[in-house]
2 protein chains.
Amino acid sequence: MTDRQPTLDEVARRAGVSRGTVSRVINNAPHVSRAARQAVERAIKDLDYVPNVAARSLATQRSGAVVLAVSSDDQALFTNPFFAEVIVGVNAALEETDLELLLILAASERGRNRLARVLQSRRADGVMLLALRENDPLAKVAAEGGVPVVHGGRSLGGSHHWYVDADNRDGARQAAEYLISIGRTRIATITGPLDMHVGVSRYLGFREALALAGLGDERVAHGDFTEASGAAAMARLLTDHPDLDAVLIASDEMAVGALGVLKERGRAVPGEIAVVGFDDVVTARHTHPTLTTVRQPIKALGREMIRMLLALIRGEQPTPLILPTELVIRESA
Amino acid sequence: MTDRQPTLDEVARRAGVSRGTVSRVINNAPHVSRAARQAVERAIKDLDYVPNVAARSLATQRSGAVVLAVSSDDQALFTNPFFAEVIVGVNAALEETDLELLLILAASERGRNRLARVLQSRRADGVMLLALRENDPLAKVAAEGGVPVVHGGRSLGGSHHWYVDADNRDGARQAAEYLISIGRTRIATITGPLDMHVGVSRYLGFREALALAGLGDERVAHGDFTEASGAAAMARLLTDHPDLDAVLIASDEMAVGALGVLKERGRAVPGEIAVVGFDDVVTARHTHPTLTTVRQPIKALGREMIRMLLALIRGEQPTPLILPTELVIRESA
DNA sequence: TTGAAAGCGCTAACAT
DNA sequence: ATGTTAGCGCTTTCAA
């Protein structure tokens with residue numbers, strides 16, 4: 001099972017050249033004759049040689065890996081399709097490079113220490129962070145790791161130097177404008193946590209659209225992105241603003257909860273009340289009625305995070321990125 | 001940003017001992033005096049020293065990482081909550097060790113090459129495989145990697161030496177017996193692909209229960225675990241066996257499709273037709289009615305895969321593991 | 001264009 | 001119990 005791998009020396013011997021030359025070929029450096037290069041390539045193929053990464057890292061001081069660290073208090077949060085899709089995007093982007101992906105789910109102190117250790121032991125050349133809360137301690141750990149850090153999503157305080165985010169504000173605005181365009185005038189919203197950038201910006205987009213249309217934006221309830229909070233918020237809205245004819249909900253998960261409440265109370269969707277969610281996670285296609293929602297370019301987000309990280313690793317100074325969002329119209333509005 | 005990390009030599013100098021002693025302390029080997037140990041520990045703390053993993057791997061011939069390779073044709077498949085939960089389980093188990101997790105989504109030839117490269121370059125000490133199809137080429141790549149391989153799920157041909165699987169057969173049997181216990185007698189099933197162990201075993205469990213009860217097991221349609229196939233199969237069953245009063249469906253995703261069809265045709269669930277799914281993915285709690293289903297111990301599966309892999313890496317010969325499944329009764333049956 | 005040699009930072013075998 | 005030394009397999013000067 002552990003049949004020793006061939007070494008670079010063996011390749012050199014077989015190709016009849018020096019180790020220096022083999023190394024040059026492998027890293028396709030200049031100053032190698034055609035003949036030498038071919039001999040080496042042949043030897044590599046013959047021996048099925050693959051460089052030992054430990055030795056290489058030791059010599060180059062680079063690990064050839066990046067880490068994706070996800071901060072989530074609740075393990076269930078990771079089950080959120082959002083993360084899976086980001087990972088798919090990151091993975092796809094990585095296939096273009098020769099980097100590997102280290103995954104760390106750092107919910108606890110322990111997880112954070114793991115990230116710290118990984119970075120300090122130089123096992124990774126950079127970090128991507130999917131942190132949920134404002135001032136997540138994981139961000140500090142990452143920042144102290146001595147390698148470039150790219151954030152998924154902005155922070156409220158603007159403390160993230162490099163990030164890739166979706167244009168949440170514009171997405172919410174599009175959604176609200178759509179509700180207006182189909183004749184709704186008493187539009188409510190269920191927001192996400194307002195101590196998160198994503199929560200605030202979706203709320204702002206909503207208000208902006210209503211203000212532009214001269215509509216009142218006083219129908220507001222707050223949630224925390226969970227399904228249960230969506231249900232509770234919907235119930236509150238129904239009580240406080242019984243006249244509402246539409247509701248823009250800051251996450252699909254909350255929308256699922258809200259739809260449940262509306263169904264219980266016998267309120268027709270979208271007949272009586274139009275509903276729009278946010279995120280376009282898979283669930284949105286399986287609700288009844290199917291959910292009109294704002295799509296975030298989740299895969300692109302993963303891809304761009306990698307791109308940005310690579311630029312930083314190369315020593316460049318990329319600019320933060322904001323990706324467009326798009327309204328997906330289904331049955332619920 | 002890249003303030004050079006302290007080296008073991010520096011620790012040794014600071015502690016006033018030899019490098020050998022420092023190394024012994026770090027790997028808590030025997031033969032170190034209390035005094036020396038304390039001096040070293042102090043120096044490590046003072047300098048905030050963390051061993052360089054490249055150097056260590058080079059010397060020990062171990063990488064300190066394992067890879068989780070997921071084979072999925074369709075990227076959407078990875079979005080399946082199943083994978084997310086396995087990852088959570090694996091991650092949790094890893095926190096107990098000092099191993100890191102490398103994630104490879106190997107849908108294509110390219111992804112497979114990545115796995116091959118990772119293994120040959122000795123970047124990982126073992127592989128966990130989540131392969132979907134029988135004879136997945138990824139399995140071959142992993143097997144040739146020269147490190148231990150643990151499979152999630154069995155293969156039909158028995159070609160997997162080490163695996164952790166759920167007791168699918170028993171789960172299906174439990175589900176069918178439950179349907180029988182609530183008085184259903186004309187029970188149908190929608191199977192998964194019968195060229196997969198998981199598909200076959202769920203089907204066998206179904207047949208077993210019906211045979212024991214002396215019921216006919218001729219009401220069968222086949223699907224491929226996707227929602228669409230579930231819908232199609234349900235439609236077929238309804239046509240071919242209009243008298244059926246219950247249906248055991250081999251995956252929750254297919255059950256969602258089937259529920260849609262039943263709803264369209266105005267067949268009451270569970271009144272007219274009782275429905276049981278399989279997997280207990282999150283979706284099962286959000287269908288209408290909520291789905292009675294068989295729970296797989298997904299997190300445990302991740303945990304046990306790691307445990308088995310570690311044993312193999314230590315050179316032990318663990319035995320394959322089959323984890324119990326459990327019926328979760330909700331509204332649909 | 002090529003070869004030789006000096007590390008990269010750690011472990012492990014061998015002395016003491 | 002501790003120190004010393006020879007690698008681990010690669011990259012990268014520096015000479016030639």
Side-chain angles (χ1 to χ4, degrees), chain A residues 2-41 43-44 47-65 98 117 119-123 125 146, chain B residues 2-41 43-44 47-65 98 117 119-123 125 146:
Chain A
T2 314
D3 33 30
R4 222 176 47 49
Q5 305 287 120
T7 68
L8 185 147
D9 290 57
E10 279 156 27
V11 173
R13 214 164 307 138
R14 172 129 184 172
V17 301
S18 71
R19 308 187 313 176
T21 298
V22 174
S23 185
R24 277 165 214 134
V25 170
I26 288 171
N27 302 293
N28 48 63
H31 308 308
V32 181
S33 68
R34 246 182 86 66
R37 163 159 276 127
Q38 288 187 336
V40 170
E41 274 161 357
I44 286 178
L47 297 173
D48 196 18
Y49 168 74
V50 177
N52 176 308
V53 335
R56 173 177 286 188
S57 308
L58 187 56
T60 59
Q61 309 280 44
R62 302 178 148 288
S63 70
D98 48 3
R117 202 183 56 205
L119 297 183
Q120 287 189 47
S121 65
R122 291 282 177 266
R123 200 190 269 277
D125 301 330
Chain B
T2 315
D3 33 33
R4 221 176 46 48
Q5 304 289 119
T7 68
L8 185 146
D9 289 58
E10 279 155 28
V11 173
R13 213 164 307 137
R14 172 129 185 171
V17 300
S18 71
R19 308 188 312 177
T21 298
V22 175
S23 185
R24 275 166 216 134
V25 171
I26 289 171
N27 302 294
N28 48 65
H31 309 307
V32 181
S33 68
R34 247 183 82 67
R37 165 160 275 127
Q38 289 188 336
V40 170
E41 274 162 358
I44 287 178
L47 297 172
D48 196 18
Y49 168 75
V50 177
N52 177 308
V53 327
R56 171 178 288 187
S57 308
L58 186 56
T60 59
Q61 309 281 43
R62 302 178 147 290
S63 71
D98 49 1
R117 203 184 56 205
L119 297 182
Q120 287 190 47
S121 65
R122 289 282 177 263
R123 200 191 269 277
D125 302 328

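First the proteins, then the strands, lettered A, B, ... as listed; each starts at 1.
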Positions of residues 49-57 of chain B (non-hydrogen atom under 4.0 Å from DNA chain D), listed by number: none
Judged by atom type as modelled, is there a donor-acceptor pair below 3.5 Å linking the side chain of A:Asn27 to the main-chain atoms of A:Ala29? no
B:Leu58 CG to C:dA12 C1': how many Å, rounded? 13 Å
Hey, does the side-chain of A:Arg122 have a donor or acceptor N/O within less than 3.5 Å of a partner on the base of C:dG9? no
Let me know the distance between CZ of A:Arg19 and C1' of D:dT11, rounded to the nearest Å. 10 Å
Decide side chain to side chain contact (heavy atoms under 4.5 Å, CB included) for A:Arg24 and A:Val17; before the verdict, give the C-alpha distance in whole Å, the side-chain angles of both, and the deciding distance to 0.1 Å. CA-CA 11 Å; A:Arg24 277 165 214 134; A:Val17 301; over 6 Å; no
Kindly point out which of D:dG3, D:dC8, C:dT2 is positioned nearest to the side chain of B:Thr21? D:dG3
Taking B:Glu41 as the fixed residue, which of B:Val25, B:Val22, B:Val11 is the one that meets the side-chain contact (heavy atoms from CB on, under 4.5 Å) rule? B:Val25
Nearest to the side chain of B:Arg24 - C:dC14, C:dT2, C:dC10? C:dC14
Nearest heavy atoms of A:Tyr49 and A:Ile26, plus distance in Å: CE2-CD1, 3.5 Å
N/O donor-acceptor pair under 3.5 Å between A:Ser23 side chain and A:Arg19 backbone: no
Give me the atom names and distance for the closest heavy-atom approach of A:Asp125 to A:Ser63. OD1-N, 2.7 Å
Nearest to side-chain heavy atoms of A:Leu8, which nucleotide of D:dC10, D:dC8, D:dA6: D:dC10
Measure CZ/B:Arg13 against P/D:dG3 and give the value in whole Å, please. 14 Å
Side chain of A:Ala59 only, please: which of C:dT11, C:dC8, C:dA5 is the nearest? C:dC8
5'-most by nearest nucleotide on DNA chain D - A:Val22 or B:Ala36: B:Ala36
For residues B:Arg14 and B:Leu47, report the shortest heavy-atom separation together with the two atoms involved. NH1-CD2, 3.8 Å
Side chain of A:Ser57, backbone of A:Arg62: donor and acceptor closer than 3.5 Å? yes
What integer distance in Å separates B:Arg62:CZ from C:dC10:P? 19 Å
Should A:Gln61 be listed as having a side-chain N or O under 4.0 Å from OP1 or OP2 of C:dG9? yes
Near DNA chain C, under 4.0 Å by heavy atom, which residues of residues 26-35 of chain B? B:Asn27
Look only at the side chain of B:Gln5 and the backbone of B:Val50, and say whether a donor-acceptor pair between them is shorter than 3.5 Å. no
Under 4.0 Å between a side-chain N or O of B:Ser23 and OP1 or OP2 of C:dT11? yes
